[in-house]
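Keep in mind that the numbers below use all heavy atoms, side chains included, and drop hydrogens, waters and symmetry copies. Here is the naming used below: chain letters follow the sequence lines, and residue numbers restart at 1 for every chain.
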Number of protein chains: 2
Amino acid sequence: MQTITTFEYALLALIAHHPSSGYELTQRLKKPIGFFWTAHHSHIYNGLTHLEARGLIAREVIAQQRRPNKHLFTITEAGIVALRAWVTMPLEPEPPRSGLTLRAYAIWLADPQAAVRLFRQQEALHLAQLEEYERLLASIKQEHTIPQDINLPWFGNYATLRRGIGAEREIAEWCRWMAEQFERHLDRAGDDEQAAQKADDDNALMRDQQEQRRDVL
Amino acid sequence: MQTITTFEYALLALIAHHPSSGYELTQRLKKPIGFFWTAHHSHIYNGLTHLEARGLIAREVIAQQRRPNKHLFTITEAGIVALRAWVTMPLEPEPPRSGLTLRAYAIWLADPQAAVRLFRQQEALHLAQLEEYERLLASIKQEHTIPQDINLPWFGNYATLRRGIGAEREIAEWCRWMAEQFERHLDRAGDDEQAAQKADDDNALMRDQQEQRRDVL
DNA sequence: GATGACATGTAATCAGTTACATGATTAG
DNA sequence: CTAATCATGTAACTGATTACATGTCATC
């Protein structure tokens with residue numbers, strides 16, 4: 001017995017928001033779901049076929065002149081029941097998979113300058129993403145009176161955006177910290193060459209102690 | 001030409017820290033790398049075979065009486081060169097995949113009580129993980145004088161732990177916030193039962209919302 | 001006598017990406 | 001005439017999990 005995958009529930013959730021074709025889902029899977037789940041169109045069409053076979057969505061072929069026919073999918077009663085049951089099912093921890101953190105683990109091998117470049121680049125990337133989320137949050141705050149109402153579909157957008165903002169802010173901050181570690185290293189190497197050694201060692205030590213205290217945070 | 005996968009670099013990085021057998025790597029992939037990359041033993045043995053074929057690690061079979069033979073892998077010169085080059089290569093953003101955030105997106109369908117249960121459970125899970133990271137951080141702080149030395153392998157442990165702590169704190173906080181949204185909702189429902197006057201208004205509101213919900217479906 | 005640690009592998013399957021395949025319409 | 005958007009699918013492949021397979025020793 002084939003089970004429904006997490007990705008297929010993602011499709012179901014999107015269709016529950018409002019009926020869509022495979023093509024439209026391909027677009028919609030970029031925002032806002034794309035922030036935490038992505039897929040290629042081929043994967044989407046397969047998922048739709050599977051959900052249809054399980055009776056969780058219904059297909060309606062809409063003839064279009066001037067355009068290829070559109071297959072519009074609507075969630076069925078069985079689909080709503082399945083989605084509602086799934087959405088609060090206990091969730092076991094997911095295996096993490098972060099290439100960036102893996103790099104950090106092996107970064108001691110790297111040229112410090114290259115390390116700074118990597119983490120500053122990543123910081124910029126995540127700050128840009130953060131800004132985009134914040135812009136989107138501002139725009140949904142205009143459309144809806146914010147806080148509650150948990151029972152309305154748009155609450156999902158709000159909740160996921162909050163998550164995205166927190167996560168991006170946190171990772172950008174960590175990237176900045178990483179870059180700074182290597183910049184400090186480069187600073188010290190530069191100072192050594194200019195022969196202000198003793199004083200600098202003292203300063204470095206003081207600085208280190210202060211950061212040590214901050215590290216404990 | 002077969003390329004080296006991110007996972008295989010993870011193995012390389014572990015072996016660069018110190019030589020290990022496949023069995024040992026299976027254990028080591030739980031801590032600390034397991035916090036951001038996991039693998040099953042079968043996957044590990046395949047990866048090792050591949051890395052060996054590419055000349056990035058070398059195998060030494062150690063005969064053991066009373067135990068099956070152990071295959072100890074050591075990183076080669078070529079392996080160090082490859083790892084060092086990879087570690088600062090520009091990294092394109094990785095497709096996110098978060099089942100929990102997906103649930104949040106569809107949570108408007110759920111029974112509020114079930115939603116609270118889900119997010120409180122997740123909060124507890126992430127707080128427990130946070131505590132574990134903090135304990136580990138405390139223990140590596142005892143072994144090593146903290147801040148610098150970016151060039152020593154243990155810096156990787158420190159950096160990844162910082163990342164883990166930040167990430168877990170952030171997600172636990174978000175789970176708490178989510179749970180509170182639904183608790184607030186339940187509180188209001190509870191008041192309804194005890195106070196007849198407000199109840200009329202709130203029920204009218206609920207009815208409106210339910211009608212709205214059917215429309216969107 | 002059962003469970004769990006030690007120890008290494010192969011085979012089957014599943015999830016997801018990339019490549020292949022087709023074809024009309026619209027805007028530059 | 002070139003590229004982008006609309007529109008849907010299949011096939012091949014890769015990355016990762018699960019199941020199969022084997023066997024010893026130590027501890028409860």
* Does A/Glu180 pair with A/Arg176 as a salt bridge, N-O distance under 4.0 Å? -> yes

* Considering only D/dT8, D/dC25, C/dG23, which nucleotide approaches the side chain of A/Lys70 most closely? -> D/dT8

* **Contact list for DNA chain C against residues 17-29 of chain B - heavy-atom distance below 4.0 Å** => B/Ser21, B/Gly22, B/Tyr23

* **Sidechain N-carboxylate O distance under 4.0 Å for B/Lys70, B/Glu60** => no

* Distance test, side-chain N/O of A/Tyr45 to OP1/OP2 of D/dT8, below 4.0 Å -> yes

* Please tell me if the side chains of A/Tyr23 and A/Ile44 come closer than 4.5 Å, counting only heavy atoms from C-beta onward. => no

* From C/dT18, D/dT8, C/dG16, nucleotide with atom closest to A/His40 side chain -> C/dT18

* Asked: B/Trp37 has an atom CH2; how far is it from atom P of D/dG15, in whole Å?
  -> 11 Å

* Asked: To the nearest angstrom, how far is B/Glu8 atom CD from D/dT14 atom P?
  -> 12 Å

* Are A/Arg59 and D/dT8 close enough that a side-chain N or O sits under 4.0 Å from OP1 or OP2? -> no

* Salt bridge B/Glu132-B/Arg135, side-chain N to carboxylate O under 4.0 Å -> no

* To do: Considering only NZ, NE, NH1 and NH2 on the basic side and carboxylate oxygens on the acidic side, decide whether A/Arg169 and A/Glu134 come within less than 4.0 Å.
  => yes

* Whole Å only: how far is the CG atom of A/Asn69 from the P atom of C/dG23? -> 15 Å

* Check the distance between C/dA15's C1' and B/Leu102's CG and give it to me in whole angstrom. => 15 Å

* Asked: Quick one: A/Asn46 CG to C/dT17 P, roughly how many Å, whole number?
  -> 12 Å

* Would you kindly say whether B/Thr88 and A/Arg117 are connected by a side-chain donor-acceptor distance under 3.5 Å? => no

* Between B/Glu8 and B/Thr6, is any pair of side-chain heavy atoms under 4.5 Å apart? -> no

* Asked: CD of A/Glu52 versus C1' of D/dT8: gap in Å, rounded?
  -> 13 Å

* Asked: Going by modelled atom types, is there a donor-acceptor pair between the base of D/dT14 and the side chain of B/Thr5 at under 3.5 Å?
  -> no

* Asked: Atom CG of A/Leu48 and atom C1' of D/dA7: how far apart are they, to the nearest Å?
  -> 13 Å

* Want to settle it: does B/His71 or B/Arg97 sit nearer the 5' end of DNA chain C, counting the closest nucleotide to each? -> B/His71

* To do: Indicate yes or no: at least one non-hydrogen side-chain atom of B/Tyr105 is less than 4.5 angstrom from one of A/Leu14.
  => yes

* Can you tell me the distance, in whole Å, between the CD atom of A/Glu92 and the C1' atom of D/dT17? => 13 Å

* Asked: Side chains of A/Arg163 and B/Ser98: donor-acceptor distance under 3.5 Å anywhere?
  -> no

* Is there a donor on the side chain of A/His41 or the base of D/dG9 sitting less than 3.5 Å from an acceptor on the other? -> yes

* Asked: Under the ring-ring contact (aromatic ring centres under 6.0 Å, His included) criterion, do B/Phe182 and B/Trp108 qualify, and how do the steps go?
  -> CA-CA 10 Å; B/Phe182 290 89; B/Trp108 59 281; over 10 Å; no

* To do: Ignoring backbone atoms, test whether B/Gln64 places a side-chain nitrogen or oxygen under 4.0 Å from the OP1 or OP2 oxygen of C/dC6.
  => no

* Asked: Can you find a donor-acceptor pair, distance only, under 3.5 Å between B/Ser42 side chain and D/dT18 base?
  -> yes

* State, to the nearest 10°, the angle formed by the axis through the first five base pairs of the helix from C/dG1-D/dC28 to C/dG28-D/dC1 and the axis through its last five. => 30°

* Taking only N and O in the side chain of A/His43, is any of them less than 4.0 Å away from OP1 or OP2 of C/dG16? -> yes

* Asked: Heavy atoms under 4.0 Å, any strand shown: does B/Arg67 hit a base, just sugar-phosphate, or nothing?
  -> base

